[in-house]
Amino acid sequence: MNSTTHNTQANRKPRRLSGVVVSDKMKDTIVVEVTRYVKHLRYKKYRKITKRYKVHDAGNTKKVEEKVDIEECKPVSKDKRFKVKSP
């Protein structure tokens with residue numbers, strides 16, 4: 001089997017998410033809260049799910065309550081797996 005046919009992480013597109021900055025107190029890091037709506041399988045109601053991501057922000061350019069787009073990247077540190085997507 002040829003190695004080019006395998007679907008590795010290098011071949012897939014990075015995840016892109018959008019959310020709101022909830023903390024900018026760390027150096028070169030912001031915390032972004034991403035909200036999404038998921039339909040409950042049994043009750044067919046929509047639930048709000050929120051998740052927080054630590055995001056690399058070189059130079060601390062983003063401030064609290066700003067909307068940002070983030071993109072998955074290779075690990076920057078133990079917790080940071082995303083970076084701020086440049087416009």
Side-chain angles (χ1 to χ4, degrees):
M1 190 181 287
N2 193 353
S3 65
T4 58
T5 59
H6 289 292
N7 189 9
T8 61
Q9 275 193 332
N11 291 340
R12 68 183 184 94
K13 289 185 176 181
R15 287 189 297 165
R16 290 186 173 93
L17 304 169
S18 61
V20 178
V21 178
V22 292
S23 174
D24 62 350
K25 295 181 180 183
M26 295 174 272
K27 181 184 176 193
D28 293 338
T29 304
I30 57 175
V31 179
V32 176
E33 189 172 76
V34 176
T35 303
R36 62 192 183 100
Y37 291 91
V38 178
K39 192 173 190 177
H40 193 281
L41 293 174
R42 172 177 282 175
Y43 301 116
K44 311 299 186 214
K45 284 188 164 190
Y46 286 91
R47 297 176 40 201
K48 188 191 315 187
I49 306 277
T50 59
K51 188 167 182 183
R52 290 179 174 214
Y53 295 96
K54 287 185 182 168
V55 179
H56 184 69
D57 177 27
N60 288 27
T61 58
K62 304 298 179 188
K63 299 298 174 196
V64 176
E65 295 186 10
E66 271 188 63
K67 285 194 74 169
V68 292
D69 293 326
I70 60 176
E71 183 176 68
E72 192 175 28
C73 64
K74 66 180 184 177
V76 180
S77 69
K78 177 185 168 188
D79 296 326
K80 289 197 285 186
R81 305 289 191 265
F82 286 87
K83 62 182 177 182
V84 174
K85 185 178 171 195
S86 53

Modelled atom types, side-chain donor and acceptor of Lys80 and Thr29, under 3.5 Å: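 There is such a pair between these side chains.
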Steps toward side chain to side chain contact (heavy atoms under 4.5 Å, CB included) verdict (Lys45, Lys39): CA-CA 6 Å; Lys45 284 188 164 190; Lys39 192 173 190 177; over 6 Å; no
Intermediate values then yes/no, side chain to side chain contact (heavy atoms under 4.5 Å, CB included), Thr61 and Val84: CA-CA 10 Å; Thr61 58; Val84 174; 5.7 Å; no
So do the side chains of [X] and [Y] get within less than 4.5 Å of each other, counting heavy atoms only?
X	Y	answer
Phe82	Arg15	yes
Leu17	Tyr53	yes
His40	Arg42	yes
Ile49	Lys51	no

Do [X] side-chain atoms and [Y] backbone N/O form a donor-acceptor pair below 3.5 Å?
X	Y	result
Arg16	Lys13	no
Asn60	Asp28	yes
Asp57	Lys62	yes

Verify same cluster id: Val76, Ile70 (apolar side-chain graph, 4.5 Å):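 The answer is no; the residues belong to distinct hydrophobic clusters.
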NZ/NE/NH1/NH2 to OD/OE distance under 4.0 Å, Asp79 and Lys54: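 Yes.
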Shortest non-hydrogen separation from Arg52 to Val31 and the atoms involved: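 The pair with the smallest heavy-atom distance is CB-CG1, 4.0 Å.
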Gap separating the SG atom of Cys73 from the CZ atom of Arg81, nearest 0.5 angstrom: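 Separation between the atoms: 9.0 Å.
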